[in-house]
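Okay, so here's the structure we're looking at.
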Amino acid sequence: MRATRRQFLQATAGAGTGLVLAFHLPDLLSSDKPFVFDANAYIRIASDNTITLFATRSEMGQGVRTNLPAALAEELEINLSQVKVEQAVPGPRFKGIRMRTSGSGSSSGSFTALRRAGASAREMLIAAAAKRWSVDAASCRAENGAVFHAASGRLATYGELAEDASRMPVPGEPKLKEPKDFRLLGKPLLRLDGPAIVQGKATYGLDARVPGMMYAVMARSPFLGGKVKHFDGSKALTMSGVRHVVPIKSGIATGVAVVADSTWQAMRARDAVEIEWEPGPNKDFDSEQYIRKLQAAHANGRAYPLRSAGDVKQALAKAAKTLEAEYEYPHQVHAPLEPMNCTADVRGGSCEIWVSTQTPETAASEVATMLGLPAEKVLVHTTLLGGGFGRRLQSDFVHEAAELSKAIGKPVQLVWTRTDDTRHGYFQPASIERVRGGLDANGKVVAWWHRSADGGLTVLGQPSAEEKNDPKYYANDEAPWGNFDNFYQFPNHLGEYIPVENPVPTGPWRAVMYPATVFARESFLDELAHAAGRDPLELRLELVRANKPIDIGSYHIDLNRMVRVLEVVREKAAWDKPLPAEKGRTWGRGIALNIYHGSSYIAEVAEVSVARDLSDLRVHRIVCVIDCGFAINPAGIEGQVESGITWGLSATLHGKIDFRNGGAVQRNYQDCRVMRMDEMPVVETHILPSSERPAGFGEHPVPHVAPAVANAVFAATGKRIRRLPITPEEMRRS
Amino acid sequence: MPTFTLTVNREPRKVDVEPDTPLLWVLRDALQLTGTKYGCGVGVCGACTVHEGKEAVHACSISVREAAGKSFTTIEGLSAAGDHPCQKAWVAEDVAQCGYCQPGMIMTAAALLARKPDPTEAEINQAMSGSVCRCGTYNRMRKAIQRAARAGR
Ligand code: FES
Ligand code: FES
């Protein structure tokens with residue numbers, strides 16, 4: 001649905017008084033205004049019985065626009081079909097509420113807060129009814145959007161009670177429902193946005209339409225961090241529909257924007273802009289050389305201790321058998337199907353933005369600073385996200401659009417082409433992990449020494465000189481994850497980190513730091529198991545036995561949960577049963593475990609087959625067992641697990657970005673391949689029942705996939721894969 | 001700029017655009033039919049899939065010059081009320097994650113079922129593998145197609 005400029009303005013005018021409108025729903029602006037009871041930031045009940053729930057996190061496929069309303073509706077005693085879900089626009093109404101969508105915490109993080117919000121509104125409505133009927137509140141109950149008094153058979157809808165309820169005191173400690181009484185939570189829920197999506201009516205960033213808007217694309221520096229030295233837009237300006245050619249200095253991939261009446265006119269004129277680039281310091285950057293630099297750093301770089309128990313060096317010296325291996329993880333790109341884009345309207349001292357973002361608040365405050373506007377003059381509307389995966393935690397593309405709109409004085413939609421999106425962005429960093437291990441004569445792991453080397457996430461900034469001097473700096477930061485929070489119980493254990501500056505801009509990518517470290521850790525455990533002649537699952541079981549919960553940094557870990565997960569995966573994956581025998585191919589199984597931030601306990605078993613001539617690898621089945629605490633929406637979790645596993649498979653089998661001559665080599669989905677339907681294995685998800693605090697699950701199943709598949713390839717072929725992606729060439733090289 | 005006439009969702013539409021304009025941008029920018037998505041622009045992701053007659057085609061890879069005089073259906077015109085068997089099956093199987101790929105996927109699946117009402121798994125895989133779902137909803141999508149096929153039996 002499109003909204004007019006006037007409707008947008010009316011909506012913004014009301015923002016300070018609590019009238020917050022998502023631009024999907026301009027119809028709320030009808031002339032007879034019903035009375036509106038704003039129970040709290042999340043809930044609005046109008047006297048016409050419209051109930052609005054505000055989604056304070058971005059929907060990018062993880063189901064928050066279903067799960068968060070479900071938590072509110074559960075306590076408020078309404079059905080999901082009775083509510084309107086609106087996307088929150090950062091502003092005073094949501095002061096103090098975190099609107100950033102990251103770390104897979106969007107459903108788990110707000111769960112209790114939302115239940116409280118729902119319960120508190122329910123209690124106010126009941127109090128209003130009790131007062132009206134002069135009865136005891138305890139004799140009234142809320143159900144289906146109304147309050148009932150059974151003894152007298154009286155009933156009042158929430159809409160009828162809205163005005164009175166607004167005068168009731170806000171309960172300090174509202175009573176939450178008992179989980180056994182849940183109607184919605186813990187049951188499979190269909191996505192509320194489903195019908196709009198399948199009719200093409202769902203509105204993503206690229207679908208924002210503002211009256212009078214122009215369309216733009218940018219010619220971007222082919223060199224990381226390069227700049228425009230000189231440009232000539234005169235030829236482009238003669239082309240049909242082209243209105244402006246403007247240099248853009250903000251963002252991470254600067255260049256020259258071409259603004260036209262339509263997207264295509266901007267795209268076709270882009271090559272006509274003549275640009276001389278200032279390549280900058282990275283013009284010769286080559287990721288293969290960077291990998292060699294990481295390898296060299298293992299020999300001569302400064303290693304910061306992360307973890308230490310016992311005496312690893314001595315234990316290795318005394319071990320019956322020692323092993324050492326190096327694992328290579330390449331740069332990866334997010335490549336969400338909706339490329340980066342942003343629509344901005346900067347005019348007359350205010351700025352309005354429509355964007356698919358995981359972080360509308362940050363975007364708003366950064367743009368306010370950039371434009372020198374007061375915070376309340378910048379409004380950010382969050383649309384649906386055509387995939388986020390961490391890329392949309394950055395606001396570089398928002399800055400570009402705001403800069404451009406300001407320069408031309410018109411609303412404009414700036415779109416990144418797929419090639420822009422593949423070649424530029426905040427990549428997942430490449431790393432080299434080196435692990436050394438020692439076994440005693442009984443095949444027990446007595447020493448574990450894991451060193452990670454990478455460039456960290458550049459979006460976090462570089463540590464200061466003082467921080468660099470602090471040997472505990474990275475340990476205090478509890479990073480890299482997967483090395484720092486390695487939960488296996490080794491008598492002698494050393495975890496270390498070697499930072500090696502990387503000119504590639506890097507940032508969070510699904511599962512952030514875990515994929516590289518977990519690939520190394522879980523592969524090396526497999527190597528140790530085989531060296532000891534032991535079953536890889538048995539060995540892990542031995543290493544996660546602990547008689548009490550353990551603390552690693554700020555993480556409180558109950559290894560019994562991991563034991564349970566392992567026992568279930570053993571059964572569900574038929575770990576001890578033989579695999580099919582097939583002519584011309586060999587089959588294998590591999591396992592990997594991880595505990596994500598002390599809260600989600602997951603095991604995955606991959607089943608693969610490989611052609612005898614190593615020309616082809618097929619992943620047939622992945623069994624995932626997950627304990628992520630109380631499962632708010634099991635169907636949603638299953639979908640997210642499958643999604644995470646597919647994501648992991650893309651990285652395992654295809655994904656990587658190479659840099660040559662200062663820029664990314666890959667350009668589109670042909671050379672930056674992702675999984676397609678014909679390659680999909682069967683994915684089986686088993687969610688263990690739990691009453692623990694709900695934990696995230698969106699990115700948690702990702703890190704296991706590469707090591708589980710690599711371990712399965714070893715089981716099938718005896719080829720040990722220590723570098724991703726696992727292509728036929730890689731299998732032959734190993 | 002020249003004027004082209006094409007039929008979209010059973011209505012004749014006139015557009016003034018450059019002859020090399022891909023149908024995708026005609027739909028999205030000139031006709032405001034934003035259900036057809038941009039993913040790659042070069043025919044490798046399927047996000048822009050529409051029907052030309054009964055065939056699934058990539059709107060990013062057909063110029064308006066080629067499209068003129070022909071008849072196209074977009075996701076907005078697939079059914080009157082979102083009740084095409086594929087759309088219903090998609091909702092019932094709760095396929096969508098971010099949802100961005102889904103209009104293209106549904107158009108691809110609908111064309112497959114029109115041609116082959118009871119496709120094998122291999123036929124489904126083959127028809128769908130020109131399309132990318134970065135959220136990885138493939139297995140649920142396959143189930144939805146099978147459900148829609150059953151509904152049509
Ligand atoms: S946008 Fe047409 S196939 Fe990708
Ligand atoms: S659902 Fe997100 S790309 Fe398919």
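Bear in mind that the values here come from a model prediction, so they are computed numbers and not experimental data. Chain letters run A, B, ... following the sequence lines, proteins first and then strands; every chain starts at 1.
Residues Lys37(B) and Leu337(A) are not in side-chain contact: their nearest non-hydrogen atoms beyond the backbone lie 4.5 Å or more apart. Within the 4.5 Å cutoff, the side chain of Glu338(A) has no heavy atoms near those of the Cys98(B) side chain. Within the 4.5 Å cutoff, side-chain heavy atoms of Glu638(A) are placed close to those of Arg140(B). Side-chain atoms of Trp264(A) and Leu24(B), non-hydrogen and from C-beta on, never get closer than 4.5 Å to each other.
The greatest number of non-hydrogen atom pairs below 4.5 Å with chain B, out of Met267(A), Glu679(A), Arg667(A), is found for Met267(A). In terms of non-hydrogen atom pairs under 4.5 Å with chain B, the most contact-rich of Gly387(A), Gly241(A), Gly639(A), Pro339(A) is Gly639(A). Note on Pro336(A), Ser262(A), Ser240(A), Ser650(A): by heavy-atom pairs under 4.5 Å with chain B, the leading option is Ser240(A). The candidate from Gly386(A), Pro195(A), Gly194(A), Ala196(A) with the greatest count of non-hydrogen atom pairs under 4.5 Å with chain B is Gly386(A).
In this structure, CE on Met680(A) lies 13.0 Å from CE on Met128(B), to the nearest 0.5 angstrom. Separation of atoms OH (Tyr669(A)) and CZ (Arg134(B)) is listed at 7.0 Å; rounding is to 0.5 Å. Rounded to the nearest 0.5 angstrom, Tyr138(B) OH and Thr646(A) OG1 are separated by 7.5 Å.
A pairwise comparison of heavy atoms in Cys135(B) and Ser643(A) identifies O-OG, 2.6 Å as the closest pair. Asp94(B) approaches Leu189(A) most closely through the heavy-atom pair OD2-O, 3.4 Å.
Of all residues in residues 60-81 of chain B, those placing a non-hydrogen atom less than 4.5 angstrom from a non-hydrogen atom of chain A are Ile75(B), Glu76(B), Ala81(B). Using non-hydrogen atoms only and a strict 4.5 Å limit, the part of residues 39-52 of chain B facing chain A consists of Gly39(B), Cys40(B), Val42(B), Val44(B), Cys45(B), Ala47(B). Listed by sequence position, Glu18(B), Asp20(B), Thr21(B) are the residues of residues 11-21 of chain B in contact with chain A, using a 4.5 angstrom heavy-atom cutoff.
For the ring pair (Phe, Tyr, Trp, His ring centres under 6.0 Å) test, no residue two or more places apart in sequence or in another chain qualifies with Phe397(A).
When heavy atoms are compared at a cutoff of 4.5 Å, Gln102(B) approaches chain A solely by way of its side chain, counted from C-beta outward.
The pair Arg209(A)-Asp29(B) counts as a salt bridge, with a side-chain nitrogen and a carboxylate oxygen less than 4.0 angstrom apart.
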Inset, instruction - Using the side-chain contact (heavy atoms from CB on, under 4.5 Å) rule, take Asp207(A) and Arg28(B) through it: C-alpha gap first, then chi angles, then the decisive distance, then the call. - result: CA-CA 8 Å; Asp207(A) 305 328; Arg28(B) 291 185 53 84; 2.9 Å; yes
Legend entry - Steps toward side-chain contact (heavy atoms from CB on, under 4.5 Å) verdict (Met105(B), Met677(A)): CA-CA 11 Å; Met105(B) 293 286 186; Met677(A) 191 185 278; over 6 Å; no
